[in-house]
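Written below as structure tokens is the structure these notes are about.
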Amino acid sequence: MITLTIDGQLVQAEEGQTILEVCRKNSIDIPTLCYHPVLEPFGACRLCTVEIVQGARAGLQTACTYPVVEGLEVSTSSPSVVEARRMILGLLLSRCPNVPVIQDLALEYGIKEPPFPTDHPEEDCILCGLCVRACHELVKAGAINFADRGVDRVIGPPFMEKTRDCIGCGACTIVCPTGAIRIVLEKEAVYLDKPLGPTSAIYVPSLQAVPRVPVIDTDTFIRFRQQDRTNGEISDACGACQMVCEAGAIDFTRQAETVELDVGTIVVATGFEMWDPTQLSQYSYGRSPNIITGLEFERLSNAAGITGGQIVLADGRKPERAAVIHCVGSRDHNAHEYCSRICCMYSLKQAHLVKDKTGAEVYEFYMDMRSFGKGYEEFYERIQEEGVTMVRGRGAEVNVLENGKLRVKGEDANLGRVVSVDVDMVVLSTAIQAPQDAGKVASLFGLSRSPDGFFAEAHPKLRPVETNTAGVFVAGACQSPRDIPDAVAMASATSAKVLGLFSADELEREPAVAVVSEQTCIGCMRCALVCPYGAIEQRDICTVDGQVCGHTAYVNPGVCQGCGTCEAVCLSNSVELQTFTDEQVYSEINALCAWE
Amino acid sequence: MTIGAYAIGAHRGFVYVRDEYPLAVKNMGIAIEQAREHGLLGENILNSGYNFDVKIVRGAGAFVCGEETALMASIEGRAGTPRSRPPYPAQKGLWGKPTDINNVKTWATVPQIISNGARWYSQIGTETSKGTMIFSLVGKIKNTGLVEVPMGIPLRDLIMNIGGGVPGRKKNLKAVQTGGPSGGCIPANLLDLPVDYEHLTEVGSIMGSGGMIVMDETTCMVDIARYFLDFLKDESCGKCTPCREGIRRMLDILIRITQGEGQMQDLDTLEQLGRVVQATSLCGLGQTAPNPLLSTLHYFRQEYETHIKDKFCPAGVCRSLFAYYIIPEKCPGCQLCLKACPQDAITGDKKVAHVIDEVKCLQCGECVKVCRMDAIVARPKSEAMDAQGAQGVKEVVA
């Protein structure tokens, strides 16, 4: 530990710390522009100048580069420090007169106008070198550097030409204190213009989550991107998050692991996914950044989202007119025939939000209004009273006009004619569908699927949460489209069923299960291959002294559903279905024949 | 270097030479080759089992690469920009290894000290600045060239005795600029100053590279400050704000003053800028860059004020601020100036005082050089304008 004096105050510090680090820790304000905690100190802007009061190196020094030593006496606001900072800010403001960060700092030191002639009012780079250092030290791409010297010094890629070394990670734009760097897309891509996705590689997926733990997106994370790009040659890029995380919670070496658990029951609640509206080209999704899906709208209007809950167009303006189109991909022979159930109500809610937040005119194109739940119809009434224009008829087509507006056409069935409206924003209430990999999940758990792709329940009325595989249950929208109250109700029902199973000491089953005769079974395991429920396993046959001398099949009566497939394939006739043994079946047949 | 390397246990040495000095590069190469032949470099030096070799690194020619951290960056193959110290080169130098870095002149004294002893060496020079210093005497002085003198020698000895004083008739010494482009100007009245580190720093100059430019009355101090700052503006690496932006702003103001557009408050701005650039720049270049300005402003403020208030450059250097004028009483009408003038701006018959046409005159100064009577002098443009104006009126009346 080192003791030093800052502004007459005794302060403790650790060896190796700089004056700036110690000041920041003790809440002593020192302005900086070229400093970043995860980069090597550079000492270029000189704004963090402080005064060393005594000693061999007394005088003005930069706090960001000066290591603390025992007994050091520092002043952060002496007249010469203030004079130096004011002059430096004057010089910077004269170079970049229109950069807000510089303007604010200058104003703090009493400078309202640039003290020297401003030759290039559009200049916004102060040559602090943060971008260069981030690109070299962190990203290890080395795509940009300084060129020329003195007043001609500039920053850019080699020969100021486009370079393949730039990986477009955007680290430079993030560290730039003046906003002088922009990322330019090589190809015009509407999707990328949409400010709806996560903007950094580390983000909190849902701000309401408990615990609120951020996640790392491995696709955009600079470290992993560089690893992939260079086939592992550059493996220590970035890691800035690890450097600043005081809890030491970030570990790049962790791998995904497979956890094996023995459980009694499984609840499948794999949910749904949104149907891709580009499949129906008449809705022009992807041709304008202002045509968005209902889920994207939710991101836009989320207070934790990128716009802080502002409902704005891609160019930042507020929409003056918006249209919501129901049943996009639902109730449609060209897409899904079923009703997605949730869209009517969320569309009404979104119409309300647009009206409430922007005051825009809202048009709802709907086929039927399915407001079936408790209080739903009342909400529908309220929306109509708020002045949302309801157009009864499917929105048939969206066209992107040359002026950027969107023309929505549809038939108003009440009026009996085709109507069209020009709007700024279109929200498509897209269908929900079973996830693409639902088939894999189904075969893993021995589930069957209904024609619409969702998992099938054992019986629609009598066993709505069970499946045909014993011990496997379904809950929520993986079984059928359902809204939150329905999904919660179903989950409660499923839990009750699961707990019912657990409440008894012994599992009660239907008696019709297959039984293997160990005396005749030859252990060929053909039965296990065909069993649709995975109920058959191999067992060892041991001698008296514990030596394994053979194998036999064993049917787990808790899992067996009594379908009899195993019995049909058994070569040695060793499997029999209880209550349907061969003998019983033959005597049934004989009885029938005798009757004739 | 071999002795120094042996003392600190180093095995690799570098000599950094600017590529613009091919002769130095060539000679250094020969010297290294000879040292190798004599077994003073390479493996097993003088059968001691000790290895040390030297490599010549040719710099791409940047003034700032004289700064030790910039020089090492340049040797490493990076752009020659300095970095903050500490860590000092002795802690973390070339490629992060402890490095001893010295001027060639310093290394050259090592064998002398070893052979003659430290006591011998410390007898030369002053208490705090020991040994000798090599100066490059140039400018308005009779004997130009390199001189090696003991530290602490009075400036007068150096200029008047060794240098032989200022050449030319009735020309007086005005100032001595020491230490290269970022040194300061010492006025003639401080001629008895002992030349050592402490005293030079005290009067606002530096020992620097040992450059010594002698100036007489025909040197304009504002223009000198402008000249050096113009050089330093291009040689600043541009890394830190005060040096990059500050030098350029000081230069802008100085150019304005030399063009007659200066204002009195400019002098305060210059002083303040100079102080801040000196105090806050990252490396020696920036910290010393305001020296030419601050020292001339300190010792020759009057000259700055004349530039601003009277719009007049007494030395006759800043072309916008003076006009040549032939004093009729002094001019014998010899026509020497008339023949020398490339613009044919001088008229006059033999044995009649000549007249300069201010409009044609380019202020090239050729006439001044040839005039043996010192009859041609600089005077403020305003006076010339008045005279012309009067003439103009006369013509109209006529």
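Protein chains get the first letters and strands the later ones, always in sequence-line order, with residue 1 at the start of each.
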*asked:* Among A/Pro117, A/Cys64, A/Ser80, A/Cys128, which residue has the highest count of heavy-atom pairs closer than 4.5 Å to chain B?
replied: A/Pro117

_B/Tyr227 atom OH, over 12 foreign heavy atoms within 6.0 Å_ = no

*Look up atom NZ in B/Lys233 and atom CG in A/Asp152, then write down how far apart they are to the nearest 0.5 Å.*
7.5 Å

*Determine the minimum heavy-atom distance between B/Ala62 and A/Arg149, stating which atoms define it.*
CB-NH1, 3.3 Å

*asked:* Would you say NZ of B/Lys130 has more than 12 non-hydrogen atoms from neighbouring residues, nucleotides or ligands within 6.0 angstrom?
replied: yes

*Among A/Gly43, A/Ala44, A/Gly59, single out the residue with the greatest number of heavy-atom pairs under 4.5 Å to chain B.*
A/Ala44

*asked:* Could you check whether any side-chain N or O of B/Thr241 sits under 3.5 Å from a backbone N or O of A/Cys45, counting only pairs where one atom can act as donor and the other as acceptor?
replied: yes

*Go through B/Pro87, B/Ser281, B/Cys243, B/Gly80 and name the one with the most non-hydrogen pairs under 4.5 angstrom from chain A.*
B/Ser281

*Which heavy-atom pair separates A/Arg46 from B/Pro242 by the least distance, and what is that distance?*
CG-CD, 3.2 Å

*asked:* Under 4.5 Å from any heavy atom of chain B, what part of A/Ile126 do you find: side chain, backbone, both or neither?
replied: backbone

*Would the number of heavy atoms belonging to other residues, nucleotides or ligands and lying under 6.0 Å from OH of B/Tyr21 be above 12?*
no

*Reported CG-to-CD distance for the pair A/Leu93 and B/Glu245, which is rounded to 0.5 angstrom*: 11.0 Å

*Between CG on residue A/Leu60 and CD on residue B/Gln278, distance to nearest 0.5 Å*: 11.0 Å

*asked:* For the interface with chain A, which of B/Val276, B/Val277, B/Val64, B/Thr81 has the highest count of heavy-atom pairs at distances below 4.5 Å?
replied: B/Val276

_Structural part of B/Arg275 lying under 4.5 Å from a heavy atom of chain A_ = side chain

*Decide if atom CD of B/Glu127 counts as having more than 12 heavy atoms of other residues, nucleotides or ligands within a radius under 6.0 Å.*
no

*Among the options A/Cys34, A/Gly129, A/Pro41, A/Ala84, pick out the one with the most heavy-atom pairs lying under 4.5 Å from chain B.*
A/Ala84

*asked:* Given heavy-atom pairs under 4.5 angstrom as the criterion, report whether the side chain, backbone, both or neither of B/Ala79 touches chain A.
replied: neither

*asked:* If you count heavy atoms of other groups shown closer than 6.0 angstrom to CD of A/Glu233, is the number above 12?
replied: no

*asked:* Counting only non-hydrogen atoms closer than 4.5 Å, does B/Ile247 touch chain A with its backbone (N, CA, C, O), its side chain (CB onward), both, or neither?
replied: neither

*How many angstroms lie between NE2 in A/His136 and CZ in B/Arg78, if you round to the nearest 0.5 Å?*
10.5 Å

*Can you tell which of A/Arg153, A/Gln61, A/Arg86 has the highest number of heavy-atom pairs within less than 4.5 Å of chain B?*
A/Arg153

*Side chain / backbone / both / neither for B/Arg83 at chain A, heavy atoms under 4.5 Å*: neither

*Count the heavy atoms of every other residue, nucleotide or ligand shown that sit under 6.0 Å from CD of A/Glu15, and state whether that count exceeds 12.*
no

*Does the pair A/Phe146 and B/Lys239 meet the rule for a side chain to side chain contact (heavy atoms under 4.5 Å, CB included), with working shown?*
CA-CA 9 Å; A/Phe146 296 104; B/Lys239 178 174 172 177; over 6 Å; no

*Got a second to check how far B/Asp252's CG is from A/Asp119's CG, nearest 0.5 Å?*
7.0 Å

